[in-house]
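Below is one structure, written out as structure tokens; the observations come after it.
Because only heavy atoms are used, hydrogens play no part in the values below, and waters and symmetry mates are left out as well, while side chains stay in. If you're wondering where the values come from, they're calculated on a predicted model, not measured in any experiment. One-based numbering along the sequence shown.
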Amino acid sequence: MRLLLVRPPRRDIQDAGLGVPPLGLAYIAASARQAGHQVDILDAYVQNLSWPRFEDEVVRRRPDVVGMTVMTPMVDVVARAVELIRPHTPRIVVGGPHPTAVGETVFQDIPGIDAAVEGEGEAAIVALLDWWSKNTDSPAPHGVRVPGLRFQASTTPPTISEIPRPARDLLDQGAYRYLFATRRGFATMITSRGCPFACSFCDKSVSGSRWRARNATDVVDEMEHLVQTGTGFINFYDDNFTLHRKRVIEICEEIISRGLDVEWKCEGRVDSVDLPMLKLMRRAGCRVVAYGVESANPKTLALLRKDVQVHQARQAFADTRQAGLRSLAYMILGAPGEAAEDVRRSVRFCREIGADYVQFSSLVAMPGTPLFQHPRSTTSVKNPVDADLSRSTLTDLDEEELSQLMRQAWSAFYLRPRPLARLARDAWASGSIAEAIRLGRALGRWAIAA
Ligand code: B12
Ligand code: SF4
């Protein structure tokens with residue numbers, strides 16, 4: 001069958017900005033292609049296509065099946081895409097965190113779709129394409145929801161090392177940018193799936209709680225292939241790259257022994273790093289480690305069920321700096337129970353621990369998270385990085401006050417000589433000058449409004 005995997009255009013095409021590769025689609029593409037289907041990926045988002053141009057591109061490719069990923073804040077965009085392309089394709093399937101978290105409700109959220117895949121999609125997409133091409137009288141395949149048919153839960157996900165590598169050749173690799181990349185030629189990778197922790201704001205519905213990891217040789221083989229095809233910087237999107245110390249050490253030693261010339265960033269937890277490991281990571285090309293610090297307020301950390309202490313964040317950031325690495329702190333501001341002064345304390349904390357970059361968000365209750373059942377009323381708060389997204393925010397502060405605090409947090413952190421100089425250097429190194437200017441303008445507007 002001809003499968004076209006699409007990422008729809010931006011809500012507002014004036015809002016051209018950063019785009020990272022749609023790795024989930026590239027994984028799906030690889031499995032479907034290996035099973036003999038003809039697969040193509042149309043990333044209308046990164047190509048900044050207008051909505052009419054997007055429709056033309058879909059018509060031109062005459063797909064038998066169109067597939068899309070859905071994250072909850074993007075439901076309206078996917079629904080708009082489905083409405084537009086419905087007349088041009090016999091079948092539409094969606095997958096990703098939103099369909100997995102909401103189950104049957106996805107058919108109301110996105111009218112016009114024919115099927116929804118729950119969980120990891122590599123096996124399900126192949127089974128679904130076969131089912132559609134042969135015999136729709138039999139029950140729908142495991143992990144696939146079809147209106148009117150009984151749903152059969154997914155079978156055990158495949159062994160992680162047996163999943164075919166993402167079909168990056170179907171993407172315009174040169175089109176993707178990441179502002180914190182320290183070099184040109186940007187790619188993303190996943191070396192493990194699942195996470196054993198239970199943070200109350202995190203949607204783990206796709207890969208669940210069982211941590212499955214690829215071994216060092218397999219990971220570094222993929223890195224080496226990326227380097228040979230022009231990649232200079234890799235962003236590891238594992239939920240917890242640093243979870244298993246021995247594996248991290250093996251990966252670093254393998255990179256060093258092969259002499260790979262690549263820089264990279266990963267996500268770590270503040271309770272799973274130490275100075276010797278961070279130093280080795282630095283020698284192996286790591287340049288940035290991002291940590292979910294979330295808050296400087298112990299009560300908020302308890303509400304978020306983060307299972308870390310404030311002092312662990314201090315130590316991890318000190319060690320990261322001492323190892324010669326840059327640090328990124330993800331922060332959640334204004335969670336229920338927090339007053340304005342608590343928010344300010346978290347913002348000050350980022351400067352105290354010497355974070356090189358921060359990302360401030362409000363607390364969003366997504367389906368699939370324990371917080372989704374939280375009985376508080378919600379409001380909508382935006383941030384300058386993706387101001388087009390509105391989110392249902394959990395907070396006791398009023399919408400305007402939290403929005404104001406959020407604006408102050410972003411501008412107070414970044415509109416200082418050092419962070420600005422660092423961003424300018426990174427933008428130059430990563431080839432993301434347009435994105436840096438866009439972010440700079442947004443921050444400037446926010447500073448004025450604050
Ligand atoms: C990388 C990443 C991003 C990147 C890029 C996203 C992208 N376009 O690929 C960036 C930084 C842009 C991003 C942004 C956001 N993200 Co994000 N992100 C991730 C992260 C860390 C990894 C995604 C990934 O590559 N996974 C690896 C691949 C292999 O898995 P996958 O994408 O889920 O795909 C598999 C299945 O879902 C399924 N599948 C996916 N698509 C399809 C399509 C079809 C047709 C089929 C059959 C199957 C299928 O099969 C795939 C292979 O197994 C995940 C956490 C995670 N562990 O997955 C969060 C995550 C997806 N993000 C999340 C959120 C909330 C956001 C934001 C809304 C955050 C915010 N700022 O408020 C924004 C949305 C911005 C936007 N405009 O889209 C949530 C989504 C929750 C939800 N219910 O929607 C997640 C799950 C984090 C979490 N644990 O809560 N994100
Ligand atoms: S926030 Fe990170 S550590 Fe917490 S459950 Fe999600 S992936 Fe795991």
* Where do Asp64 and Trp132 land on the side-chain contact (heavy atoms from CB on, under 4.5 Å) test, with the steps shown first? -> CA-CA 10 Å; Asp64 299 314; Trp132 270 340; over 6 Å; no
* Minimum side-chain heavy-atom gap Leu171-Pro22 below 4.5 Å -> yes
* Verdict with supporting geometry, Glu83 and Arg80, salt bridge (Lys or Arg N to Asp or Glu O under 4.0 Å) -> CA-CA 5 Å; Glu83 198 182 342; Arg80 183 174 171 187; over 6 Å; no
* To do: Would you mind checking if Lys265 and Glu267 are paired as a salt bridge, meaning a charged N to carboxylate O distance below 4.0 Å?
  => yes
* Asked: Is there a side-chain contact (heavy atoms from CB on, under 4.5 Å) between Val78 and Val94 once you walk through the steps?
  -> CA-CA 9 Å; Val78 176; Val94 296; 4.3 Å; yes
* Salt bridge Glu341-Arg348, side-chain N to carboxylate O under 4.0 Å -> yes
* Is Arg269 positioned over the aromatic face of Phe197, cation under 6.0 angstrom from the ring centre and no more than 45 degrees off axis? -> yes
* Note: Asp114-Arg86 ion pair, threshold 4.0 Å (strictly below) -> yes
* Asked: Do Phe201 and Leu371 come close enough that some side-chain heavy atom pair is under 4.5 Å?
  -> yes
* To do: Assess the side chains of Thr395 and Glu338: does a donor N or O sit below 3.5 Å from an acceptor N or O?
  => no
* To do: Identify which one of Tyr178, Trp264, Phe180 satisfies the ring-ring contact (aromatic ring centres under 6.0 Å, His included) criterion when paired with Phe186.
  => Tyr178
* Structure fact -> Residues Pro164 and Ala30: closest non-hydrogen pair is CB-CB, 4.1 Å
* Considering only heavy atoms from C-beta outward, does the side chain of Met281 approach that of Thr242 to under 4.5 Å? -> yes
* **Set of residues satisfying side chain to side chain contact (heavy atoms under 4.5 Å, CB included) with respect to Ala44, sequence neighbours excluded** => Pro9, Leu49, Phe54
* To do: Would you sort out whether Asp274 and Arg245 count as a salt bridge (Lys or Arg N to Asp or Glu O under 4.0 Å), showing the intermediate values?
  => CA-CA 9 Å; Asp274 56 69; Arg245 189 173 193 278; 2.7 Å; yes
* Can you measure from OG (Ser192) to CZ (Arg212) and round to the nearest 0.5 angstrom? => 9.5 Å
* For atom CZ of Arg53, decide whether the heavy atoms of other residues, nucleotides or ligands shown that lie under 6.0 angstrom number more than 12. => no
* **Which atom of Gly194 lies closest to which atom of Ser207, heavy atoms considered** => N-CB, 3.5 Å
* To do: Go through the steps to decide whether Glu250 and Arg214 satisfy the test salt bridge (Lys or Arg N to Asp or Glu O under 4.0 Å), and finish with yes or no.
  => CA-CA 11 Å; Glu250 285 167 2; Arg214 295 163 57 190; over 6 Å; no
* Polar side chain donor-acceptor pair, Thr320 to Tyr291, under 3.5 angstrom -> yes
* Which atom names give the shortest non-hydrogen contact between Ile41 and Ala29, and what distance separates them? -> CD1-CB, 4.0 Å
* Structure fact -> In short, Val262 meets Phe233 closest at the heavy-atom pair CG2-N, 4.3 Å
* Structure fact -> One should read off an interatomic distance between Leu170 CG and Leu42 CG, to the nearest 0.5 angstrom, of 11.5 Å
* Asked: Does the pair Asn215 and Arg247 meet the rule for a side-chain contact (heavy atoms from CB on, under 4.5 Å), with working shown?
  -> CA-CA 7 Å; Asn215 66 39; Arg247 192 186 77 120; over 6 Å; no
* Asked: Of all heavy-atom pairs between Val248 and Phe241, which one has the smallest distance, and what is that distance?
  -> CG2-O, 3.4 Å
* To do: Dump the intermediate steps for side-chain contact (heavy atoms from CB on, under 4.5 Å) on Thr300 and Ile332, then the final yes or no.
  => CA-CA 9 Å; Thr300 305; Ile332 292 178; 5.7 Å; no
* **Electrostatic pair Asp169:Arg33 at N-O distance under 4.0 angstrom** => yes
* Asked: Does NZ or CZ of Arg193 lie under 6.0 Å from the centre of the six-membered ring of Tyr27, at an angle within 45° of the ring axis?
  -> yes
* When rounded to the nearest 0.5 angstrom, what is the spacing between CE in Met189 and CZ in Phe236? -> 5.0 Å
* So, are Asp342 and Lys299 salt-bridged, with charged N and O less than 4.0 Å apart? -> no
* Interatomic spacing from CG in Leu5 to CD1 in Ile125 - rounded to 0.5 Å -> 6.5 Å
* Asked: Is there a donor-acceptor contact under 3.5 Å from the side chain of Arg150 to the main chain of Pro139?
  -> no
* Structure fact -> On a heavy-atom basis, the closest approach of Met406 and Ser362 is CE-N, 3.3 Å
* Tell me, do Arg287 and Arg326 make a side-chain contact under 4.5 Å, heavy atoms counted? -> no
* Asked: When rounded to the nearest 0.5 angstrom, what distance separates CD1 in Ile28 from CG in Leu129?
  -> 10.0 Å
* With rounding to the nearest 0.5 Å, note down the distance linking CG in Asp307 to CZ in Arg305. => 10.5 Å
* Can you say whether the rings of Phe360 and Phe413 are parallel (under 30°), tilted (30 to 60°) or perpendicular (over 60°)? -> perpendicular
